[in-house]
Amino acid sequence: MTAKLLTFVDVAQTRPSKRKAEIRREDFEEIFDDFTQARAGEQASRCSQCGVPFCQVHCPLQNNIPDWLKLTAEGRLEEAYELSAATNTFPEICGRICPQDRLCEGNCVIEKGFESVTIGAVERYITETAFQNGWVSGPQPVREHAQSIGIVGGGPAGLAAADMLRRHGYKVDVYDRHDRIGGLLIYGIPGFKLEKEVVERRTKLLAASGIVFHTSTEIGRDISFADLKERHDAVLVATGVYEGRDIKAPGVGLDGVVPALDYLIASNRMSLGDDVPAFDSGALDASGKNIVVIGGGDTAMDCVRTAVRQGAKAITCLYRRDRTNMPGSQREVSYAMEEGVRFEFLSAPEAFLGDGHVEAVRAVKMRLGEPDSSGRLTPQIVPGSEYRIEADLVLKALGFDPEPLAQNFDVPDLAMTRWGTVKTTMLTGATNLEGVYAAGDIVRGASLVVWAIRDGRDAAEAMHKELQAKADISMKAAS
Ligand code: FAD
Ligand code: SF4
Ligand code: SF4
């Protein structure tokens, strides 16, 4: 079947239907439906099949977007899936939660004037169709190797590497200190962006392929890093970044001023049906409360939108710059606004007020001054602009730094950057220690799922090459 392409002049951009704000406020289910086949084909046909596809250039995985859009427009969905899965380990996840407005779609050349091709929604549609038709399988090694790999961290970086290494036929063991595999895909990102079943469906396929998951196992506590290195021929560190940045302001130690991730983990655990004492006691439950969230990134948006769903009385997001300077996805901000969140732009907390437990935030207004060394305009306090916001629960969402990894793992020789991330060689993830690689947020600092996948895949390829080279040397020595 041939399909008409370049239809963007006649066919308007359409996204999958979005549930109404008043309905989606009531639950933690994803807010978008899937495309129908007709709509996916129609939207894919808008692509102008650029000779130099900027969408692909700006996708961290360099996905072959124009080709799988063409195949989708032609109704050749199994081939579209195979092509999309060739470069992306978790296309159904990226299709849902990549900030496409800053990556592929934001760089689609028809964006100016005609609105971009809805690449993420088509990628999700292709993969969901593949799951429904049984075209998706876990890694299937052609031959087994005796060598084994230990991966610390079962987030997207560790899982992408595990998938590639298992495909090559290695024995793969993934260790995670959490009781479930998935990292921030399970315990950080809320269900209204990424339903938990979508992640679990993948991890089941990985487990069925022979990858062994050791949950509730913390390296550096339950198993030493030295022992881990002894057990395996190579090790990948993919531990993410978890040290929430704090605020230096009077009253920050009051009860009810809590790190964003504690709050999100509790909420995600509730969605998964766990017992969560900190939620049951009310400490991490927003229901009926005045909530103030400090920060303007993805974590802050997840907090405000979680508080909406828990039935908070009022939710205010304080961000010290203006809307155009927000670091996260603009789409997420607009969804939060639709759901009733109040944004105080150009505002920052000056003090937390209360006696034992927080009762209010004293905030100040800011204006944007001269650019700093990174080019971002520096927020400056407007004198005399103090005001009060009632608050029963304050969530600090100011970003994350790495935990002291070299110390926790007792590997003082591991080279680190001055930001506390692991120093690696570009495109291989190799550290300065032989046989030790690193990938994902622990290398980049807090980043994106799609970059974690990219790093995990790159590191896996580099580990494979090193192990093959070692195997060749020992074969030559034996002959
Ligand atoms: P992680 O996902 O953090 O996984 C690391 C794993 O290592 C964890 O499971 C942890 O338990 C484990 N671990 C750590 N130390 C040890 C140890 N010593 N022993 C054993 N296990 C250990 N990105 C997007 O692209 N889109 C989004 O919408 C988005 N939303 C986000 C929302 C929130 C609230 C947060 C916090 C992040 C969000 N991100 C988003 C960023 C994204 O989740 C991360 O960039 C990505 O998960 C990093 O992957 P990773 O594998 O490096 O680390
Ligand atoms: Fe776009 Fe992300 Fe998919 Fe790449 S992986 S095509 S950036 S949605
Ligand atoms: Fe198609 Fe847009 Fe990519 Fe060009 S930039 S190939 S129009 S999706």
Side-chain angles (χ1 to χ4, degrees), residues 60-64 81-94 127 130 135-176 181-183 202-214 219 228-239 424-431 433-440 442-443 449-478:
L61 294 161
Q62 265 82 64
N63 280 342
N64 192 343
Y81 168 70
E82 275 164 17
L83 198 58
S84 117
T87 49
N88 191 353
T89 321
F90 309 123
E92 72 284 14
I93 294 177
C94 293
T127 324
W135 304 332
V136 185
S137 57
Q140 288 163 341
V142 181
R143 69 185 179 107
E144 296 286 344
H145 293 296
Q147 291 145 307
S148 95
I149 316 264
I151 296 179
V152 194
L159 294 181
D163 176 279
M164 296 290 281
L165 289 160
R166 188 67 198 119
R167 270 171 217 277
H168 283 304
Y170 297 102
K171 299 185 196 325
V172 180
D173 291 76
V174 178
Y175 303 83
D176 202 293
I181 286 296
R202 270 290 171 183
T203 43
K204 276 187 195 145
L205 285 178
L206 295 175
S209 79
I211 294 169
V212 181
F213 292 124
H214 306 262
I219 303 304
L228 190 79
K229 276 189 73 192
E230 280 296 307
R231 281 187 196 190
H232 299 286
D233 296 283
V235 169
L236 177 73
V237 178
T239 47
T424 59
T425 308
M426 278 292 205
L427 298 178
T428 69
T431 71
L433 302 182
E434 201 196 328
V436 178
Y437 291 75
I442 191 59
V443 174
V449 168
V450 65
W451 279 114
I453 296 172
R454 171 69 198 257
D455 290 349
R457 291 171 69 96
D458 285 349
E461 279 312 296
M463 292 167 100
H464 172 54
K465 275 193 191 134
E466 184 189 320
L467 291 175
Q468 284 303 102
K470 278 187 181 159
D472 288 348
I473 290 168
S474 42
M475 263 171 65
K476 275 186 195 139

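- Smallest separation of non-hydrogen atoms from Pro141 and Gly169: CB-CA, 3.6 Å.
- With contacts defined as side-chain heavy-atom distances shorter than 4.5 Å, the pair Met463/Ile149 qualifies.
- Taking every heavy atom of both residues into account, Gly429 and Thr424 meet most closely at O-CG2, 3.5 Å.
- With sequence neighbours excluded, the residues satisfying side-chain contact (heavy atoms from CB on, under 4.5 Å) with Lys171 are Ser148.
- In this pair, His168 and His464 present their aromatic rings parallel. The plane angle is below 30°, not in the 30 to 60° band.
- Gln140 places none of its side-chain heavy atoms less than 4.5 Å from the side chain of Ser209.
- Using a 4.0 Å cut-off between a side-chain N of Lys or Arg and a carboxylate O of Asp or Glu, Lys470 and Glu466 qualify as a salt bridge.
- Checked against side chain to side chain donor-acceptor pair (under 3.5 Å), Asp233 has no partners two or more places apart in sequence or in another chain.
- Val443 has its side chain out of reach of Tyr437: every pair of non-hydrogen atoms, C-beta onward, lies at least 4.5 Å apart.
- Between Leu165 and Ile151, the closest side-chain pair of non-hydrogen atoms falls below 4.5 Å.
- Of the possible donor and acceptor atoms, one in the side chain of Arg454 sits under 3.5 Å from a partner among the backbone N and O of Pro60.
- At a threshold of 4.5 Å between non-hydrogen side-chain atoms, the residues Asn64 and Thr87 do not count as touching.
- Although no hydrogens or angles enter the test, the distance criterion places no donor-acceptor pair under 3.5 Å between the side chain of Thr428 and the main chain of Ala462.
- Looking at heavy atoms from C-beta onward, Arg457 lies in side-chain contact with Thr89 at the 4.5 angstrom threshold.
- Not counting sequence neighbours, Glu82 has no partner by the side chain to side chain donor-acceptor pair (under 3.5 Å) test.
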